[in-house]
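Working notes, structure below.
In the text below, chain A, chain B and the rest are named by the order of the sequence lines, each starting its count at 1.
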Amino acid sequence: MKAQQDQLVIYNTLKGEKEPFIPLVEGKVGMYVCGPTLYSEPHMGNMRTFINFDLIYRYLLHLGFEVKYVRNITDAGHITNSAGQEVDSIGAAAKAEQLQSLEIVYKYAVKFQELQRIYNMLPPSIEPTATQHIQEQIEIIEQIIANGYAYEVNGSVYFDTRRYMQDYNYGILSGRKVDELENETRTLNAQDEKRFFADFALWKKANPDDMQIWRSPWGNGNPGWHIECTAMSTKYLGKQFDIHGGGMDLKFPHHEDEIAQSCGSFGCNPARYWMHANMLNVNGQKMSKSFGNYFLPKQILEGSTGLFEKSYSANVVRFFMMQAHYRSNLDFTQDALNAAEKGLSKLTDAVATLERLEAKETSSFDVPALVQSFYKAMNDDFNAPILVANLFEATRLINLVNDGKEQISAPDLALLKEKIAVFVFDVLGLQKEAAGAESRLVPVMELVLDLRGQARTNKDWTTSDQIRDGLAKAGIVVKDGKEGTTWS
RNA sequence: GGUCUCAUGGCCGAGCGGUUAGGCACCGGUCUGCAAAACCGUCUACAGCAGUUCGAAUCUGCUUGAGACCUCCA
């Protein structure tokens, strides 16, 4: 696996290009991914990012890296809205639902956990929350002030962007130039306490109606949104670690400000590799809460999105996402989901066929090269769609062996079985299809199909077809294959 | 308005200068009592216009169109 580790190349947003992945400590990876803000149930678009980083996590694990994967849960923090006001979105949701802030967070955290299980995502090593790390956030803010990159005004603390720019490059990640921003962004309004439009809040003085308030050296208040990630990543992964990930939409200002906070407090960019997952689209437009074009993962499973005629399993949705690269947009359409459903079925059928194959003396095709193509795809910036294409090539060959048109040796067969299982289940995170049917139905179907089999033996096609048509009405499809009749 | 990204066959979606991406659909075939399913095969596209090159989907310029960020967002 070490040899494969050395082949891994990652697209680093910081550099704008792919680079060989060299961890700070050989064989170990520290990875931080910005998690959800739990003021509502995560929608399918949110899930895409987490599923993509789950893929990355899984592949790093398969390569034998010892990975510490930290993904936070935002359960506090003030953000700046379009009107330039500092807003507590969780507090707002709490008021709307007439619950306490922590009730809101807990309610949606439970749902998020459930979704992670359904979509077969491995749990991160740690899922820290912002509210558990207020002290760490305060300490970092104090450090930034001590270093001269932040100032206090009336119980709030702001990052001093102009001062920071004298020593560091603000915009290093997003490519933004502050002087360009200046003309285009909202201007300071009269009651604004910031010295400069690009300054951002590290700590915000409490409002009388705030639901959550913490003590600080600057009085009672709330942390800013960006500082929590700096505090938690530093605490669990150190001042510098390997990979920082998140959605494309967090690049600016969230990640840019994280870099500023880390540089402003510890003097270094927190992560060597910044990775950004692209958005999930609906009709060519980003799925988002504010556009209203979103739907919930549960609605896909239930077929209640209102957009599609039928439901799709979590496995199908996951496979669908694996057919697009994590850095590309992906359009969520019914045709595409149907195609994924059929394709997945073809792939899982071949996985089952593989178990039944019989080995011959020699192989008629290059199995090690085929297996190597799986690694080559994933080593190239986690190119899952290429991996899937190569798995379909394997599928074709498996079927040809099954038909006796190709042959495979015993060692090659063992290798292929092992690696197909690794890439389909461990890396892509697809699940073996559950039996699906109710257990009581199984003996009933055995009986019915046995009777139909007798009719067929007697060439009593009328009875045989009557049974088949009747079952079809109940949604059960009967298939007559070479090795007997199956149903689903 | 600024910054940036992208435009691929009926649909989704890889591709980073020369090789069939792949899946779905369509079509042809095998199998089958019929059907369905399954399997095999076929289908050669890169928004437009110029340019660079022996050679361009891939590089450059322009045009057109779409999207993202600039405000919370995964």
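Residue A:E393 is classed as having no contact, given no heavy-atom separation below 4.0 Å to the nucleic acid. Counting any heavy atom pair closer than 4.0 Å across all strands shown, A:G45 reaches a base atom. Among the atoms of the strands shown, base atoms are found under 4.0 Å from some heavy atom of A:K286. A:F291 comes within 4.0 angstrom of sugar-phosphate atoms only, judged by non-hydrogen atoms across all strands, and of no base. At the heavy-atom level, A:M279 lies under 4.0 Å from base atoms of the strands shown.
A:D75 and A:Y106 share no donor-acceptor pair across their side chains, judged by distance under 3.5 Å alone.
For the C1' atoms, the distance from B:U42 to B:C26 is 10 Å, rounded to whole Å. Taking atom C1' on both nucleotides, B:G51 is separated from B:A74 by 41 Å, rounded to a whole Å. The same atom, P, is picked in B:G1 and in B:U63; the two are 14 Å apart, to the nearest Å. Across B:A45 and B:U19, the matching P atoms stand 13 Å from one another, rounded to whole Å. With both ends at atom P, the span from B:U3 to B:C43 equals 46 Å, rounded to whole Å. As rounded to the nearest Å, B:U53 and B:U60 have P atoms that lie 15 Å from one another. Taking atom P in both B:C16 and B:G10, the straight-line distance is 23 Å, to the nearest Å. Remark: the separation of the P atoms in B:C59 and B:U8 is 15 Å, to the nearest Å.
Nearest nucleotide to the side chain of A:M287, out of B:C34, B:A74, B:G22: B:A74. Ranking B:C40, B:A35, B:A25 by closeness to the A:L400 side chain, first place goes to B:C40. Residue A:D465 places its side chain closer to B:C34 than to any other of B:C70, B:G22, B:C34.
If you check distances only, the side chain of A:R468 does reach the base of B:A35 with a donor-acceptor pair under 3.5 Å.
A:K360 NZ: 12 or fewer foreign heavy atoms inside a 6.0 Å radius.
The partner of B:U53 is absent, by the rule that a Watson-Crick or G-U pair needs both atom distances under 3.5 Å. In this entry B:G9 has no Watson-Crick or G-U wobble partner, no candidate having both defining distances under 3.5 Å. Checking B:G1 for Watson-Crick or G-U wobble geometry (two distances, each under 3.5 Å) identifies B:C70 as its partner. Pairing partner, B:C27: B:G41, with both Watson-Crick or wobble hydrogen-bond distances short of 3.5 Å. In this entry B:C16 has no Watson-Crick or G-U wobble partner, no candidate having both defining distances under 3.5 Å.
Within the structure, every side-chain polar atom (N or O) of A:K346 is placed at least 4.0 Å from both OP1 and OP2 of B:A38. Side-chain nitrogen and oxygen atoms of A:R396 include at least one within less than 4.0 Å of the OP1 or OP2 phosphate oxygen of B:G41. The phosphate of B:A25 has neither OP1 nor OP2 within less than 4.0 Å of any side-chain N or O from A:N338.
Shown here are the ring pair (Phe, Tyr, Trp, His ring centres under 6.0 Å) partners of A:Y236, two or more places apart in sequence or in another chain: A:H133.
Checked against A:F50 for a ring-ring contact (aromatic ring centres under 6.0 Å, His included), the options A:Y119, A:Y57, A:F112 give a single hit: A:F112. For the pairing with A:K18, the side-chain hydrogen bond (donor to acceptor under 3.5 Å, both in side chains) check across A:N12, A:D381, A:D380 returns one residue only, A:D380.
Nearest-nucleotide mapping onto RNA chain B: of A:F50 and A:N283, the residue sitting toward the 5' end is A:N283. Each of A:H254 and A:W461 was assigned the nucleotide of RNA chain B with the nearest heavy atom; the assignment lying further toward the 5' end belongs to A:W461.
A heavy-atom distance below 4.5 Å is not found between the side chains of A:L202 and A:P223. Within the 4.5 Å cutoff, the side chain of A:I51 has no heavy atoms near those of the A:Y326 side chain. Between A:Q454 and A:T463, the closest side-chain pair of non-hydrogen atoms is not below 4.5 Å.
Atom pair A:K459:NZ and B:G33:P shows a separation of 7 Å (rounding to whole Å applied). At whole-Å resolution of the value, CG in A:L344 and P in B:G22 are 19 Å apart. Rounded to whole Å, atom P of B:C39 lies 11 Å from atom CG of A:L347. As a whole-Å value, the separation of A:N399 CG from B:A38 P is 11 Å. Here the C1' atom of nucleotide B:C31 and the CG atom of A:N402 are 13 Å apart, to the nearest Å.
A ring-centre distance under 6.0 Å is not found for A:Y11 and A:F382.
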Worksheet entry | Base versus backbone protein contacts along nucleotides 11-20 of chain B [heavy-atom cut-off under 4.0 Å; B, S, -] | SSSSSB----

Worksheet item: A:E341 and A:Y312: side-chain hydrogen bond (donor to acceptor under 3.5 Å, both in side chains), yes or no, with the steps?
Response: CA-CA 8 Å; A:E341 188 168 47; A:Y312 299 92; 5.5 Å; no

